[in-house]
Amino acid sequence: MKEQFEKDEIIVKEELHITYHFSILFTILGSLSIFLLLSNKVESLNLFIILLSITAGGLPLGLSGAFLDYKFSEIRAKNKKVL
């Protein structure tokens, strides 16, 4: 039984295709939210503020999106395998 489960898990991982839609969406939303927050606090915008908005909000939320993409792709692959 355990061998069959491991074999099915390997097949699911081989058929797993991640789309990264949530990653891109979360990165954009995180960057824009921090960028808007920072633009209200400072007088002029410069490259430092833009980079700070990407690293402060965009990258962490983008990593969360990548995790969601992986989980959704894994669920889709399992459902395709069952059908």
Side-chain angles (χ1 to χ4, degrees):
M1 183 70 179
K2 185 177 180 181
E3 294 170 357
Q4 180 66 27
F5 179 71
E6 289 175 358
K7 183 178 177 183
D8 289 343
E9 188 174 319
I10 290 171
I11 291 172
V12 166
K13 286 184 180 181
E14 288 175 354
E15 296 179 1
L16 190 64
H17 301 289
I18 302 174
T19 58
Y20 297 109
H21 292 122
F22 284 111
S23 303
I24 294 168
L25 179 69
F26 281 28
T27 302
I28 291 171
L29 290 176
S31 297
L32 285 177
S33 63
I34 300 296
F35 183 71
L36 289 174
L37 179 74
L38 289 175
S39 67
N40 290 332
K41 300 292 181 186
V42 297
E43 294 178 7
S44 63
L45 296 176
N46 55 22
L47 183 62
F48 175 73
I49 297 298
I50 294 170
L51 292 176
L52 187 62
S53 67
I54 292 171
T55 56
L59 293 179
L61 289 178
L63 292 175
S64 302
F67 178 75
L68 284 175
D69 283 327
Y70 175 76
K71 287 300 180 183
F72 280 126
S73 297
E74 190 176 43
I75 291 169
R76 277 187 266 154
K78 284 183 182 179
N79 288 338
K80 282 183 184 177
K81 193 64 183 168
V82 170
L83 297 176

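The structure presented is a predicted model; accordingly, all values stated were derived computationally and were not measured. Worth knowing before you read on, the calculation uses all heavy atoms, side chains too, and leaves out hydrogens, waters and symmetry mates. Position 1 is the first residue of the sequence; numbering continues from there.
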Same cluster or not: are [X] and [Y] linked, directly or through other Ile, Leu, Val, Met, Phe, Trp or Tyr residues, by side-chain heavy atoms under 4.5 angstrom apart?
X	Y	result
Val42	Ile34	yes
Phe48	Leu32	no
Phe26	Phe67	no

Does the side chain of Asn46 reach to within under 4.5 Å of the side chain of Ile49, using non-hydrogen atoms?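 Yes; the side chains approach each other to less than 4.5 Å.
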Leu29 side chain reached by Leu61 side chain, heavy atoms, under 4.5 Å: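 They are not in side-chain contact.
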Spatial distance of atom OG (Ser73) from atom CG (Leu68) [nearest 0.5 Å]: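 It comes to 10.5 Å.
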Quick one: do Leu52 and Leu38 satisfy side chain to side chain contact (heavy atoms under 4.5 Å, CB included)? Show the steps, please. CA-CA 9 Å; Leu52 187 62; Leu38 289 175; 3.9 Å; yes
Those residues that, when tested against Ser23, pass side chain to side chain donor-acceptor pair (under 3.5 Å) (two or more places apart):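 Ser23: side chain to side chain donor-acceptor pair (under 3.5 Å) contacts with Asp69.
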Holding to side chain to side chain contact (heavy atoms under 4.5 Å, CB included), I want the full list of residues that pass it with Ile50, two or more places apart in sequence or in another chain.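 Ile50 satisfies side chain to side chain contact (heavy atoms under 4.5 Å, CB included) with Phe35, Ile54 only.
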